[in-house]
Amino acid sequence: MRIDLSDKMQEALNKQIAEEGYASNFYLALAYWCDNKALEGCKRFFLRQSEEERMHMLKLYEYLSVSDVHPITPGFNQPPADFKSIQEVFSKVLDQERSVTASIHSILKLAKDENDFNTQQFLQWYVDEQREEEAVIRTILDRIRIIGEGGQSLYYIDKEVEKVNTGIINSESTEA
Ligand code: OFO
């Protein structure tokens, strides 16, 4: 089914491709920052996030493609390469996710203003995904705060993040 998208919507969805692509690269950068600190659980977490963000980007390519709109492949923006601590890493992740959430919400508002029901439906998946991602990151940040900054804290933080990787902590268990 071909979907008619306004010029403004085409531009907004193409911009979102760049947002998701950046998020994928950002998480890749974080994975190898963690690798460098021997934080294997955190590395695995960010590698998986990087793959998921790429998948979010590709969903947008497909949506534009079935709408007969040529998706624009974004250039690479340099993600940050260095961080003071794992606490700083996860708080930057929360900032990053909040900014993507704001971007999705603004496209959804545009879709509502334009009575573009197809795009509203398409974006709902992203709204849910963002809510779940933010919930997981907030849980990790809470645990990091509880563990504190003592000598073995990195070891315990990595173990907590590994629980997310294995599904012991997930978005369902974090949403009250
Ligand atoms: Fe694309 O899910 Fe978060 O950013």
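Every number for a ligand or one of its atoms is a count from 1 in the order of the listing. It should be emphasised that the depicted structure is a prediction, and the values quoted were computed from it without experimental measurement. Keep in mind that the numbers below use all heavy atoms, side chains included, and drop hydrogens, waters and symmetry copies.
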Give a yes/no answer: is there an N/O/S atom of [X] under 2.8 Å from atom 3 (Fe) of ligand 1?
X	result
Glu97	yes
Gln49	no
Glu133	yes

For this session: Have a look at Glu53 and say which of its N, O or S atoms is nearest atom 1 (Fe) of ligand 1.
Result: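 Closest N, O or S atom of Glu53 to atom 1 (Fe) of ligand 1: OE1.
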Are a donor atom and an acceptor atom from the side chains of [X] and [Y] found within less than 3.5 Å of each other?
X	Y	answer
Tyr61	Thr73	yes
Glu162	Asn165	yes
Gln120	Asp116	no
Gln130	Glu134	no

Exercise. Going by the order shown, which atoms of ligand 1 are within less than 4.0 Å of some heavy atom of Val100?
Worked result: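 Answer, ordered by atom number: 4 (O).
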Problem set entry | 2.8 Å cut-off met by an N, O or S atom of Glu52 to atom 1 (Fe) of ligand 1 | no
Exercise. Do Ser99 side-chain atoms and Asp95 backbone N/O form a donor-acceptor pair below 3.5 Å?
Worked result: no
Exercise. Rounded to 10 degrees, what angle sits at atom 1 (Fe) of ligand 1 between Glu20 OE1 and His56 ND1?
Worked result: 100°
Exercise. With backbone taken as N, CA, C and O and side chain as the heavy atoms from C-beta onward, which portion of Gln130 lies under 4.0 Å from ligand 1: side chain, backbone, both, or neither?
Worked result: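 Gln130 to ligand 1: side-chain contact only, backbone stays beyond 4.0 Å.
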Exercise. So Phe46 and Tyr27, would you call those rings parallel, tilted or perpendicular, with 30° and 60° as cut-offs?
Worked result: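 Ring orientation, 0 to 90° scale: parallel.
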